[in-house]
Amino acid sequence: LYSHGDIHGNWFTTLPSIAGEVNAERERISEDKVIFIDLGDHNHGSDAAYYFDHIYEYTPDEEHVWSRVADYLKYDAVVVGNHDIEAGPDNWDKIKEELDMPYLAANIHSGNPHEPYFTPYTILNKGGLKIAVIGFTTPSAKLWIGCEKKKELQFVDIHLMADSLVKHVNRTENPHFTILALHSGRGDGSVNDTEDVAAYLGTNLDGVDLILAAHDHRGGISRYMKNYVVSTDAYGKELAKAKIKIFIEDGKATGKYLSMTDIKSINTDSLVPDKIFLNHFEKEIKAADDFSSTVIGNADMDIDPKLILFGDCTYSNLLHHVQLKESGADISFVSPSKFRGTVTAGEVTYNHILQMYPFENVLYKVKLSGREILTYLEESYSIFAHEAGNKRKLVGSPQNFDCAGGIRYEADLDKPAGKRIKILGFKDGRKFNIDSGYSVAMFSYRANGGGELIMKATGLQAEELGSRVIEKYSDVRELLFK
C-alpha cells in the first residue's frame, strides 16, 4: 500500500518521483498486489494548479489536467480535500466526473445526509482479495469555504458517522481488509477535535484495519489502541509505504498482519523521477512554467510576509491597499497567508505572487460594530505571550493573527491579553466610535469563520455569519495580479 496527501498541486515536481517508485513496485510484484491512494488537497497550492484551474481554457471534451495526472498514476482511490473544494465547482465537479477511480468523501452531501455527493467508499479487488477504502473529508471546511465555492455542499462531522458506515461496509461487502482514508489529521485525540480526528478514531473505532491521514501536514506512523495511523509530510516530500499480509482460508481472512516494521515513510528526494511521466506531460509542464515566469510588474522594495507579526510592513500594506481600494470598506483585516515567498525588489512574476499568497480566498466586505472590531483585534493579538527576559513568543498559530488597515491603533503586548488594543481613530482623520457600525474588508476564510476570530468577536455561529456579509468581490490573488 502506498499513500500520500497534501501534494498541493506539485504534480510536475514531486509526483514524477512518486510515480517512479510506485510503478517500479507494480512491475516487481504485479499491479494486482499494489494499492495507491491520494488523501486529498491535490488540486491547489501551486502555479500549475492555479493556471489549469483558473486561466487555461479547456475545450468541451478536454479533461482537467489533474484528472489526467491521477488517471496516469492509476490511483485506486482519491480523497476529496478541503482545498480541492475551494477550487470551485467548475473544477471539483469536472474532476469528479472525469476520474477513472472513485472520488471519496462520505461525509459531504448536498442536502440529504443519506445521499453523499461524492463516493462514500470503494471496494478494490486485488489478487482475489476485497479491500474496502472509506473516505472522509475534514468537516471544518464548512468554516473556511464560502458558498460561492462550495455551493450547496454540506459537511457532517466524521466521528458522527464513521462507526455506522464502517459497520455497514463490513456487513454488506464483507471485505478482507478495511482502510479508512481521511483528509483529516491526527488531532489531540478528543471527540471535541472535529477538524482532525485520526487519533480519536485510532483509539476508539472498531472494524478498521488501517487509518491513513492527511490535512495537518504532519507525517508519522503511530500505534493507537485500535489502529495504526499513517500520514506523510505535505507537498509530496514523503510517500508512505505499508506491507500488509493477509492470510486466507476458505475465502475468509483468518489473519491480518501489519506491524510498525512493515510501515515506512520514504523521502521522495531519494527517488528517481519517472521520465515517461515527464515526457507524457511535457506540454502541460511548459505551459505552467511559461505562466509562472510571466512578469506582471515591479516591486520597489522587498515584500516579506513574516514581518506582519512585528508591525506595519510592505506585505500587510500591500494587501490593505488592495482590499480597501477594491471594496471601499472603512477597515481592512489581513493575515500572513504563508511564511514563505518573500518577493525581492525588482521584477514580479505570477510565481512570486502565488508563492506569497497561494490560497483560494475571495475578498468579502462585512459589517461589524466598533466594539466587535476591538474584540476581534484583542483576540488576534492574544497569540503573543511573554517569556523571561522580556521576550515574546507565539502561543497560538500565526495564521490566526490579523492586523488592521485603515485605522490607527496601538497594541501594547506588555498588557494582559484582552486589554492590549487601543484604537486611536481612522487614518483619514475620522473618529472611531465603539458603538458605530463599520464595513470591514477581509478574506473569505475569515469571513466564514476560519480561525474563529469573527465568531468570537460577534458571538455568532458559523451558519449565522452570512447575515454580516455586505458584498463579495474577486479572488484576492486576482486583485494582487492587477
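Residues that satisfy the side-chain contact (heavy atoms from CB on, under 4.5 Å) test with Lys142, not counting sequence neighbours, are Lys150, Phe155, Asp157. Residues satisfying the side-chain contact (heavy atoms from CB on, under 4.5 Å) test with Lys367, not counting sequence neighbours, are Arg468, Ile470. Under the rule for a ring pair (Phe, Tyr, Trp, His ring centres under 6.0 Å), Tyr224 has no partner lying at least two apart in sequence or in another chain. Qualifying ring pair (Phe, Tyr, Trp, His ring centres under 6.0 Å) partners for Tyr357, counting only residues two or more places apart in sequence or in other chains: Phe443. Remark: Lys151 engages no residue in a salt bridge (charged side-chain N to carboxylate O under 4.0 Å, His left out) (not counting sequence neighbours). Under the rule for a side-chain contact (heavy atoms from CB on, under 4.5 Å), the partners of Ala447 that lie at least two apart in sequence or sit in another chain are Tyr364, Val366, Met442. By the ring pair (Phe, Tyr, Trp, His ring centres under 6.0 Å) test, His54 is found to be paired with Tyr50, residues two or more places apart in sequence or in another chain being considered. Applying the side-chain contact (heavy atoms from CB on, under 4.5 Å) criterion to Lys241, with sequence neighbours excluded, gives Tyr2, Glu21, Glu25, Lys264, Ile266. The ring pair (Phe, Tyr, Trp, His ring centres under 6.0 Å) test applied to His321 returns no partner, not counting sequence neighbours.
Residue pairs meeting the side chain to side chain donor-acceptor pair (under 3.5 Å) criterion with at least one partner in residues 190-203, sequence neighbours excluded, are Asp188-Ser190, Glu195-His215. Sorted by first and then second residue, the salt bridge (Lys or Arg N to Asp or Glu O under 4.0 Å) pairs involving residues 103-123 (not counting sequence neighbours) form an empty list.
Of all non-hydrogen atoms in Asn227 and Leu205, the two that sit nearest each other are ND2-O, 3.7 Å.
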Table please: side-chain donor-acceptor pairs of residues 459-466 below 3.5 Å, with sequence neighbours left out.
{"from": "Glu464", "atom 1": "OE1", "to": "Gln461", "atom 2": "N", "distance (Å)": "2.7"}

